[in-house]
Student: 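Structure in structure tokens, see below.
Worth saying up front: this structure is predicted, and the values here are computed from it rather than measured.
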Amino acid sequence: MKERKFGEEENKKLKEKIEKQFGYLDKNQYAFSKRLNQKLADLNYTNKDLHDKTEISEGAISNFVNGKRIPNRYDLEKIANALNTSDNY
């Protein structure tokens with residue numbers, strides 16, 4: 001399995017992607033997406049791994065990872081449990 005990473009270059013690309021999509025940097029979406037990417041990289045999880053653990057659609061997970069959406073409270077709790085962290089992380 002390929003190691004997942006989220007370093008400075010990936011962080012820069014994420015910011016650019018969100019700014020391009022919205023015309024500005026939505027700080028909440030960016031902050032959530034950045035933390036999610038970091039945690040997935042720390043655990044070397046793929047989006048599919050997170051889908052398997054949460055039963056959240058792969059499309060929704062992709063949107064969270066790419067900063068297009070923020071999960072609702074219910075999905076946030078599922079993600080936090082799957083990643084062994086709190087929903088305040």
Student: Calculate, to the nearest 0.5 Å, the distance between atoms NZ and CD1 belonging to Lys27 and Ile18 respectively.
Tutor: 12.5 Å

Student: Do Gln21 and Lys17 make a side-chain contact, defined as non-hydrogen atoms from C-beta onward lying under 4.5 Å apart?
Tutor: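 Not touching, per the 4.5 Å side-chain cut-off.
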
Student: Between Lys39 and Tyr45, is any pair of side-chain heavy atoms under 4.5 Å apart?
Tutor: no

Student: So, Asn37 side chain and Val65 main chain: donor-acceptor pair closer than 3.5 Å or not?
Tutor: yes

Student: Please identify which of these residues, Lys15, Lys34, Lys5, Arg4, meets the salt bridge (charged side-chain N to carboxylate O under 4.0 Å, His left out) condition with Glu10.
Tutor: Lys5

Student: Can you tell me how far the CG atom of Asn72 sits from the CD1 atom of Ile56, to the nearest 0.5 Å?
Tutor: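 Between atom CG of Asn72 and atom CD1 of Ile56 there are 8.0 Å.
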
Student: Below 4.5 Å, heavy atoms only, C-beta onward: do Tyr30 and Asn11 meet side chain to side chain?
Tutor: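 When only atoms from C-beta onward are counted, Asn11 and Tyr30 do touch, with a gap below 4.5 Å.
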
Student: Does NZ in Lys68 sit with more than 12 non-hydrogen atoms of other residues, nucleotides or ligands closer than 6.0 Å?
Tutor: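 Open.
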
Student: Are there over 12 heavy-atom neighbours, none belonging to Glu77, within less than 6.0 Å of that residue's CD?
Tutor: no

Student: Working to the nearest 0.5 angstrom, can you tell me the gap between Leu36 CG and Ile61 CD1?
Tutor: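 Going from CG on Leu36 over to CD1 on Ile61, the span is 8.5 Å.
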
Student: In the single-linkage hydrophobic clustering (I, L, V, M, F, W, Y; side-chain heavy atoms under 4.5 Å), do Ile79 and Leu43 co-cluster?
Tutor: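 Yes, it is one cluster - the side chains of Ile79 and Leu43 are joined through contacts under 4.5 Å.
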
Student: Starting at CG of Leu14, measure out to CD of Glu19 and round the result to the nearest 0.5 Å.
Tutor: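 So the CG of Leu14 and the CD of Glu19 are separated by 10.0 Å.
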
Student: Is there side-chain contact between Leu40 and Thr46, with heavy atoms separated by less than 4.5 Å?
Tutor: no

Student: Donor-acceptor pair, Asn66 side chain versus Ser62 backbone, under 3.5 Å?
Tutor: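 Answer holds: yes.
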
Student: Keeping the roles fixed (side chain from Ser33, backbone from Phe64), state whether a donor-acceptor pair exists under 3.5 Å.
Tutor: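 Checked: pair present.
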
Student: To the nearest 0.5 angstrom, please state how far the CZ atom of Phe32 sits from the CD1 atom of Ile70.
Tutor: 8.0 Å

Student: Would you check if the side chain of Glu58 reaches a backbone N or O of Lys48 as a donor-acceptor pair within less than 3.5 Å?
Tutor: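 Checking the backbone N and O of Lys48 against the side chain of Glu58, no donor-acceptor pair under 3.5 Å is found.
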
Student: Return the CG to OG1 distance between Asp52 and Thr54, rounded to the nearest 0.5 Å.
Tutor: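 So the CG of Asp52 and the OG1 of Thr54 are separated by 8.0 Å.
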
